[in-house]
Amino acid sequence: GIQVEQSPPDLILQEGANSTLRCNFSDSVNNLQWFHQNPWGQLINLFYIPSGTKQNGRLSATTVATERYSLLYISSSQTTDSGVYFCAVGNSGYALNFGKGTSLLVTP
Amino acid sequence: NAGVTQTPKFRVLKTGQSMTLLCAQDMNHEYMYWYRQDPGMGLRLIHYSVGEGTTAKGEVPDGYNVSRLKKQNFLLGLESAAPSQTSVYFCASSLGHNTEAFFGQGTRLTVV
């Protein structure tokens, strides 16, 4: 299956700071999603972005499919942004292949 | 619009017991999936279905069975639970292949 690598593995920010999370993948993809797993374990859909750029409030994402990476930007971080951010990709198979995630802690 | 709903949210089983996890979606999605998540890991696909009456094996199918008798429901069964099946189980659905997937809230299963 497709290999998905996320960086950094862990990140600690002060409230108000900005951050960039990266997702590298090993093959061409037809599906790429970013999720936020909150401290209660729920997986929240952030972006469906197999290519291009999208923005939703303080979050934005860019996928450069030809270079096999995607970036998630978080601006003006808040404590509620804490949790684990997962990148997941798919191509010809049926599974979403997940990275191991970036664990984010935003401190007051 | 509830999205994807999983039942139960928590369960403790003894080794050798059986149980069924229920997933229901109200988005009229064709595709449904069962994943498991283990500590420090992303999610891995157990089984999936591309339509009512169909099922197929994913990456880690051993020890699990599934059924999709109705389009809106996808059941995951454990016939003889083992401690290695202690995990958090997520159900997901999508409209079609490589379309956006939506996940349920998860079921935390402990096998002792």
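These numbers were taken from a predicted model, which means no experiment stands behind them. Reminder, nothing fancy here: chain letters follow the sequence lines and each chain counts from 1.
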* **A:Y85 reachable from A:V4 in the ILVMFWY side-chain graph, under 4.5 Å edges** => yes
* **Shared hydrophobic cluster for B:L75 and B:Y48 (ILVMFWY, side-chain gaps under 4.5 Å)** => no
* Is the closest side-chain heavy-atom distance between B:Y35 and A:L96 below 4.5 Å? -> yes
* Asked: Hey, any chance B:V111 and B:V88 share a hydrophobic cluster, counting ILVMFWY side chains that come within less than 4.5 Å of each other, even indirectly?
  -> no
* To do: Could you state whether A:V29 and A:I49 fall into the same hydrophobic cluster, counting links through intermediate Ile, Leu, Val, Met, Phe, Trp or Tyr residues with side-chain heavy atoms under 4.5 angstrom apart?
  => yes
* B:E59 versus chain A, the contacting section by heavy-atom distance below 4.5 Å -> neither
* **Nearest non-hydrogen partners of A:N45 and B:E100, listed with the distance** => ND2-OE2, 2.9 Å
* **Residue part contacting chain A, namely of B:V50, when any heavy atom lies under 4.5 Å** => side chain
* Asked: With a 4.5 angstrom heavy-atom cut-off, which part of B:F102 approaches chain A: side chain, backbone, both or neither?
  -> both
* Structure fact -> Assert top hit (heavy-atom pairs under 4.5 Å, partner chain B, pool A:L43, A:V84, A:I44) equals A:L43
* Asked: CD of B:E52: more than 12 outside heavy atoms within 6.0 angstrom?
  -> yes
* **Of A:L32, A:V89, A:N30, the residue whose pairing with B:N98 passes side chain to side chain contact (heavy atoms under 4.5 Å, CB included)** => A:N30
* May I ask you to decide if the ring planes of A:Y94 and B:Y31 are parallel, tilted or perpendicular, using 30° and 60° as cut-offs? => tilted
* Structure fact -> Max heavy-atom pairs within cutoff under 4.5 Å with chain A, candidates B:G42, B:G106, B:A101, B:G58, goes to B:A101
* Would a 4.5 Å heavy-atom cut-off, applied to side chains only, mark B:F90 and A:Q37 as touching? -> yes
* Asked: Any chain of hydrophobic side-chain contacts (each under 4.5 Å) joining A:L46 to A:F98?
  -> no
* A:E5 CD: over 12 foreign heavy atoms closer than 6.0 Å -> no
* Side chain, backbone, both or neither: which part of A:S103 has an atom under 4.5 Å from a heavy atom of chain B? -> neither
* Heavy-atom distance under 4.5 Å to chain B: side chain of A:N97, backbone, both or neither? -> neither
* Asked: Taking everything shown except B:R108 itself, do over 12 heavy atoms lie less than 6.0 Å from its CZ?
  -> no
